[in-house]
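In this text the structure is predicted, and so the values were computed from the model without any measurement. Each ligand, and each atom within it, is numbered from 1 in the order the structure gives.
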Amino acid sequence: MESEYTAIQICCDYILNKCGERPELAVVLGSGLGGLADRMDGVQIAYQNIPGMPVSTVSGHAGRFVFGTLGGKKTVAMQGRVHFYEGYSMAEVVRPIRVMRALGADKLILTNAAGAVNECFSPGDLVMISDHILSFVPSPLIGENVSQLGARFPDMSAVYSPRMRNIAENCAADLKISLKSGVYIQTTGPNYETPAEINMMKQMGADMVGMSTACEAAAAKHAGMEICAVSVISNMAAGISKTALSHSEVQMITNKASKPFQALICKLAEMI
Ligand code: HPA
C-alpha cells in the first residue's frame, strides 16, 4: 500500500501539471457556500480527475478545486468537500487539505453550514469558530505519522489563529456584518442528532454542530497551517428547532446568507 505522503504527492503532481501557480491561501467552501469560487477565474480541476482524490457525493457540493485570486491573494478554493459519513477514511477526508498545503498554501479559511446548539444563535448567523471538539470522531492523524507534514503528537491548544480571528472581527466590523464566536463540535453524521445528544453537547461546551471542518482543522494544524473558520448557522439543532431537520433547509438558509458570507470571506482573504 502506498503511503499517505505518496498519495498526496501524486495528487499534487497532477494539479501542478494543470496549473503551475502555487497558492498561498486555501479556502474550503461548505454546503450551499460554493458560490464564492465563482469570483475566481483560474483553472478548475474536478476531484474525479485527480488520481487518488476522494470525490464528494453530496448534493450542494460541486467537487472541484478552483484556482484564482481572492482578495488579491493567490488562492485555491475547494468547491465542495468529502465527509467521513460518505465512507472515506479520515486520512482520505483530509487528503485535499494536505494537498493544498503541499501546493504551497500556508493559510487556510474553512467554512461550513452548522446547526446551532447555542440558543443565542439564529439561522443565517455567521459564527467564527474559536475552538472545536473532535473527540466524537476518529482523529485524522491516526495511523503512520506523515512526518514530512508534522509531528506525531501535535499541539492543539490554539488551532484557530488568534491573529486571524482578530482580523476577521475587524473585517466584520468594517463591513457592518455581525460575526459571533463559538465552539464547534464534529459528529460523524450522516444522521442529524437527537435532542438528548444536543443537550449533551450543550453541557460539554459546544455552540454549534456539524459533520466536517474540525478534522480538517486538526490535519491543517498538524501540517503547520494558520487557520480561521466560519460557520453559517443553517438551523437550530434538534430539540431546539421546532421542525424536523433537512438537508434542503440547510442549503436554502446558507444560500440566503451568502451575500454577507462572501463579503466577509473576501475581505478576510485580503487582510490575512
Ligand atoms: N447537525 C449536524 N450537522 C449539521 C447541522 C446539524 O443540525 N446543520 C448543518 N449541518
Name every donor-acceptor pair, under 3.5 Å, that has one atom in a side chain of residues 110-120 and the other anywhere in the protein, sequence neighbours excluded.
unit_1: Thr111; atom_1: OG1; unit_2: Val28; atom_2: O; d: 2.7
unit_1: Thr111; atom_1: OG1; unit_2: Gly30; atom_2: N; d: 3.1
unit_1: Asn112; atom_1: OD1; unit_2: Ser231; atom_2: OG; d: 2.7
unit_1: Asn112; atom_1: ND2; unit_2: Thr213; atom_2: OG1; d: 2.8
unit_1: Asn118; atom_1: OD1; unit_2: Cys120; atom_2: N; d: 2.8
unit_1: Asn118; atom_1: ND2; unit_2: Asp207; atom_2: OD1; d: 3.0
unit_1: Glu119; atom_1: OE2; unit_2: Lys202; atom_2: NZ; d: 3.0

Ring-plane angle category for Phe67 and Phe65, please: parallel below 30°, perpendicular beyond 60°, tilted otherwise. tilted
Are the aromatic ring centres of Tyr160 and His132 under 6.0 angstrom apart? yes
Any pair with a residue in residues 163-180 that passes salt bridge (charged side-chain N to carboxylate O under 4.0 Å, His left out), sequence neighbours left out, goes on the list, sorted by first then second residue, please. Asp125-Lys180, Arg163-Glu226
Strictly by salt bridge (charged side-chain N to carboxylate O under 4.0 Å, His left out), give each pair with a member in residues 12-32 just once, sequence neighbours left out. Glu21-Lys74
To the nearest 0.5 angstrom, please state how far the OH atom of Tyr192 sits from the CD atom of Glu197. 14.0 Å
Name the residues with a heavy atom less than 4.0 Å from ligand 1? Ala113, Ala114, Gly115, Tyr192, Glu193, Val209, Gly210, Met211, Ser234, Asn235, Leu245, Val250
